[in-house]
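I have placed the structure first, in the form of structure tokens, so that the comments after it can refer back to it.
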Amino acid sequence: MSEPIRVAVLGASGRMGATTVRAVQEADGLELVAALDAGDDLRSVTDAGAQVAVDFTVPSVTEQNVHTMLDAGVHVVVGTTGWDDASLGRVRDHLLRAPGVGVVVAPNFALGAVLAMSFARQAARWFESVEVVELHHPDKVDAPSGTARHTAQGIAAARASAGMGPVPDATSQTLDGARGADVDGVRVHAVRLRGLVAHEEILLGNAGELLTIRHDSFDRVSFMPGVLLAVRQVAGRPGLTVGLEDLLGLQA
Ligand SMILES: NC(=O)C1=CN([C@@H]2O[C@H](COP(=O)(O)OP(=O)(O)OC[C@H]3O[C@@H](n4cnc5c(N)ncnc54)[C@H](OP(=O)(O)O)[C@@H]3O)[C@@H](O)[C@H]2O)C=CC1
Ligand SMILES: O=C(O)C1=N[C@H](C(=O)O)C[C@H](O)C1
């Protein structure tokens, strides 16, 4: 039998970190060797001999955590949101100086959410109108969600490559925020409600018809199959992988 993959969890006391700690402890072929939270010294990741670090911390620290892990030669699976082209670019550059090391950054590890994004990209070129609504628990610190941004960016790219123009919208008088955020020309709306976990609706409209693609995470265990898949695959994927699509054999 092969040796288990040694895993560290960063943000281990948080909602996602605690769920990940349990999932790693229960998973075949994985061994939890470190569980860190705010204030802990990242050197304990390497002291514990971790091969893969999973980051579910906060947008303000996640990039620095990844650079520190890369300097230590540790593969990283990142679920924390807040990434943009600039921060991803800095990690890509850093990886040139860390040959053989892999980083997977995924805005959503729920298999249904990844499929919903893929379906939305597939549908995008056939619908004149599209808007994204994300709905989350009220303790979430960022809006719109990383998933909604990724969804909107994918839809916008699909529309652009199909040569489509802007989404029709005659709004000229509005209260600030009423039309949501503009992500590459796609309107994104964020709802925060006690009782929710993580949900997304993609609304695609044509004259006389509406296609709704909806995904619901009712429990954080929904993210764990994707997290464990990434932990198992990251060492075999040197460089930066953004999104789980490639790991699931879906078109990004
Ligand atoms: N990709 C995906 O599938 C998913 C991604 N997420 C994302 O994951 C992130 C975490 O979400 P969630 O678990 O709900 O948030 P929580 O606030 O519950 O957890 C974050 C944890 O990180 C800790 N933390 C803060 N700074 C550091 C640090 N420097 N080093 C180590 N730990 C630190 C926090 O400690 P303290 O509270 O003391 O500051 C807290 O325990 C968010 O960005 C969220 O959007 C969430 C769900 C799924
Ligand atoms: O904070 C959360 O809860 C979630 N965050 C991620 C995001 O911003 O997309 C993933 C999921 O939506 C849950």
Side-chain angles (χ1 to χ4, degrees), residues 8-23 34-45 50 53-69 74 76-84 87-88 103-117 120 132-154 181 183 188-202 214-231 234 241-245 247-248:
V9 176
L10 314 182
S13 304
R15 288 174 288 266
M16 281 301 292
T19 313
T20 302
V21 163
R22 280 193 296 278
L36 280 70
D37 213 73
D40 291 339
D41 190 335
L42 282 176
R43 277 177 293 197
S44 54
V45 171
V54 182
D55 186 296
F56 278 114
T57 58
V58 287
S60 54
V61 306
T62 182
E63 184 191 345
Q64 187 51 52
N65 285 349
V66 171
H67 290 297
T68 306
M69 291 299 102
V74 176
V76 202
V77 172
V78 183
T80 312
T81 46
W83 291 83
D84 58 19
S87 50
L88 291 170
V103 177
V104 174
V105 179
N108 201 311
F109 285 103
L111 304 185
V114 183
L115 284 165
M117 289 188 270
V132 177
V133 185
E134 56 95 328
L135 309 92
H136 281 82
H137 58 93
D139 303 314
K140 182 166 177 58
V141 295
D142 56 321
S145 69
T147 309
R149 284 172 189 261
H150 195 63
T151 305
Q153 285 163 347
V183 178
V188 178
H189 310 268
V191 176
R192 296 293 174 263
L193 278 181
R194 186 66 70 203
L196 297 181
V197 177
H199 316 259
E200 183 177 61
E201 265 187 23
I202 302 125
R214 179 170 175 118
H215 176 261
D216 297 278
S217 275
F218 300 113
D219 191 300
R220 292 184 177 82
V221 296
S222 61
F223 303 111
M224 294 303 116
V227 171
L228 297 180
L229 179 72
V231 167
V234 66
T241 303
V242 179
L244 213 62
E245 286 85 349
L247 283 74
L248 297 177

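Sequential numbering from 1 along the given sequence is applied to the chain's residues. In each ligand, atom 1 is the first atom listed, and ligand 1 is the first ligand listed.
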Identify, by atom number and element, the atoms of ligand 2 in contact range of [X], meaning under 4.0 Å from any of its heavy atoms.
X	result
Thr81	6 (C), 7 (C), 8 (O)
Ala198	11 (C), 12 (O), 13 (C)
Pro107	6 (C), 7 (C), 9 (O), 10 (C)
Gly146	7 (C), 8 (O), 9 (O)
Ser145	7 (C), 8 (O), 9 (O)

Give yes or no for whether the N/O distance cutoff of 3.5 Å, strictly under, is met between [X] and ligand 1.
X	answer
Gly39	no
Gly17	no
Ala110	no
Thr81	yes
Ala38	yes
Phe109	yes
Leu10	no

What part of [X], side chain from CB on, backbone N/CA/C/O, both or neither, has a heavy atom under 4.0 Å from ligand 1?
X	value
Pro107	backbone
Ala106	backbone
Val61	side chain

Of Arg220, Arg15, His199, His136, the residue with the heavy atom nearest atom 12 (O) of ligand 2 is His136
Among Thr19, Val58, Val141, closest by any non-hydrogen atom to atom 25 (C) of ligand 1: Val58
Please could you name the atoms of ligand 1 that [X] approaches to less than 4.0 Å, counting only its heavy atoms?
X	result
Ser13	41 (O)
Gly79	1 (N), 2 (C), 4 (C), 5 (C), 6 (N), 7 (C), 8 (O)
Lys140	45 (O)

Contact bool for atom 37 (O) of ligand 1 (protein heavy atom, d < 4.0 Å): no
Classify the side-chain pair Thr68/Asn65 by whether it contains a donor and acceptor separated by less than 3.5 Å. no
Could you verify whether a donor N or O on one side chain and an acceptor N or O on the other, from Ser145 and Glu200, lie under 3.5 Å apart? no
Taking the side chain as everything from C-beta on, heavy atoms only, tell me whether [X] gets closer than 4.5 Å to [Y].
X	Y	answer
Phe56	Phe223	no
Asp142	Lys140	yes
His136	Leu196	no

Part of Asn108 within contact of ligand 2 (heavy atoms, under 4.0 Å): side chain
Ligand 2-proximal atoms of His137, by part, heavy-atom distance under 4.0 Å: side chain
Applying a strict 4.0 Å limit to heavy atoms, is Gly146 in contact with ligand 1? no
Whether the side chain of Thr80 engages the backbone of Thr57 through a donor-acceptor N/O pair (distance < 3.5 Å, no angle test) should be reported. yes
Tell me, which protein residue and heavy-atom name are nearest [atom], and how many Å apart are they?
atom	answer
atom 9 (O) of ligand 2	Thr147 OG1, 2.4 Å
atom 8 (O) of ligand 1	Phe56 CD2, 3.4 Å
atom 35 (O) of ligand 1	Asp37 OD2, 2.9 Å
atom 15 (O) of ligand 1	Arg15 NH2, 3.5 Å
atom 19 (O) of ligand 1	Gly14 CA, 3.3 Å
atom 11 (O) of ligand 1	Met16 CG, 4.2 Å
atom 20 (C) of ligand 1	Thr57 O, 3.5 Å
atom 1 (O) of ligand 2	Lys140 NZ, 2.9 Å

How far does CG of Asp55 sit from CE of Met69, to the nearest 0.5 angstrom? 9.0 Å
Glu134/Arg192 under side chain to side chain contact (heavy atoms under 4.5 Å, CB included): CA gap, chis, key distance, verdict: CA-CA 9 Å; Glu134 56 95 328; Arg192 296 293 174 263; 2.6 Å; yes
Using side chain to side chain contact (heavy atoms under 4.5 Å, CB included), reason through Leu10 and Val45 one step at a time and then give a plain yes or no. CA-CA 9 Å; Leu10 314 182; Val45 171; 3.9 Å; yes
Scan the side chains in residues 12-20 for donor-acceptor partners under 3.5 Å anywhere in the protein, sequence neighbours excluded, and list what turns up.
from: Thr19; atom 1: OG1; to: Arg15; atom 2: O; distance (Å): 2.7
from: Thr20; atom 1: OG1; to: Met16; atom 2: O; distance (Å): 2.8

